[in-house]
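First comes the structure, then the notes that go with it.
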Amino acid sequence: VCSHLIRLERGIQLEFYNDGETDIDCIFELHGNKIFLQVERSEREVNKDLKKTSNIIRKIKDKNDLKNYYPVSVVYDLDEIRIYNLSNGQIGVAIPTHYFLSLI
């Protein structure tokens, strides 16, 4: 999924995050929003990964006073878009891989 974003030739610049505990597969800007993208094979890990991603976003926002950061999980075996209410008021989104690739 992250490789596909690079090949789109839309000037998308990917960033990566790894603090030793949590890693974010890729981070990019889209229409003024920063997307923290986790790529999953199965829906089992989505909620846990979105919560971890949300915590990373909170740390970054606290340091930089930035807005418009979103945790998104792209999931191979998912059939529909799902919204997750995360513990800190953040909303996470899980999107089937085929939807995400057709939307981006």
Side-chain angles (χ1 to χ4, degrees):
V1 170
C2 296
S3 307
H4 179 73
L5 290 172
I6 293 171
R7 288 191 301 261
L8 287 176
E9 297 182 11
R10 292 187 185 161
I12 293 176
Q13 299 292 318
L14 294 185
E15 301 171 43
F16 304 92
Y17 180 90
N18 186 336
D19 65 6
E21 273 185 42
T22 303
D23 71 284
I24 308 297
D25 293 327
C26 57
I27 303 166
F28 63 97
E29 191 170 318
L30 182 66
H31 305 295
N33 301 298
K34 202 75 143 181
I35 309 299
F36 281 60
L37 190 68
Q38 295 284 53
V39 180
E40 304 292 339
R41 191 129 180 91
S42 171
E43 189 181 358
R44 287 177 296 181
E45 300 295 317
V46 169
N47 195 37
K48 181 177 83 174
D49 281 347
L50 285 174
K51 284 181 181 178
K52 285 182 182 179
T53 302
S54 180
N55 289 334
I56 298 303
I57 290 171
R58 191 173 66 242
K59 287 180 193 177
I60 291 171
K61 286 173 90 170
D62 289 346
K63 289 181 183 178
N64 299 308
D65 195 32
L66 297 171
K67 298 177 182 175
N68 299 324
Y69 278 48
Y70 299 100
V72 175
S73 190
V74 176
V75 187
Y76 178 74
D77 72 353
L78 195 64
D79 293 329
E80 62 189 10
I81 295 173
R82 297 212 174 133
I83 307 296
Y84 292 80
N85 289 314
L86 306 173
S87 58
N88 60 2
Q90 178 86 40
I91 295 204
V93 178
I95 302 173
T97 303
H98 61 282
Y99 284 2
F100 179 80
L101 293 175
S102 68
L103 292 172
I104 203 75

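Note that this is a predicted model, so its numbers are computed, not measured.
- Annotation: side chain of Q38 is not in contact with side chain of K52 (no heavy-atom distance under 4.5 Å).
- Side-chain contact between Y76 and S42: absent, with no pair of heavy atoms (C-beta onward) separated by less than 4.5 Å.
- With rounding to the nearest 0.5 angstrom, the CG atom of N68 is 11.0 Å from the CD1 atom of I57.
- Residues meeting the side-chain contact (heavy atoms from CB on, under 4.5 Å) test with S3, sequence neighbours left out: R7.
- A disulfide bond (SG atoms under 2.5 Å apart) check over residues 28-59, counting only residues at least two apart or in different chains, returns nothing.
- Taking I81 as the reference, V93, I95, P96, Y99 meet the side-chain contact (heavy atoms from CB on, under 4.5 Å) condition, with sequence neighbours excluded.
- For the side-chain contact (heavy atoms from CB on, under 4.5 Å) with V39, the lone residue among V75, V72, D25 that qualifies is D25.
- Relative ring orientation between F36 and Y69 is described as tilted, the plane-to-plane angle lying within the 30° to 60° band.
- For the atom pair CG of D79 and NE2 of H98, the computed distance is 7.0 Å after rounding to the nearest 0.5 Å.
- Taking the side chain as every heavy atom from C-beta outward, L37 and L5 approach each other to under 4.5 Å.
- In this structure, the side-chain contact (heavy atoms from CB on, under 4.5 Å) partners of Y84, at least two apart in sequence or on a different chain, are E43, V46, N47, L50, R82, L86, A94.
- In plain terms, the two heavy atoms of I27 and K34 that are nearest each other are CG2-CG, 3.8 Å.
- With sequence neighbours left out, D19 forms a side-chain contact (heavy atoms from CB on, under 4.5 Å) with Y17, E21, T22, I56, K59.
- For the salt bridge (charged side-chain N to carboxylate O under 4.0 Å, His left out) test, no residue two or more places apart in sequence or in another chain qualifies with E29.
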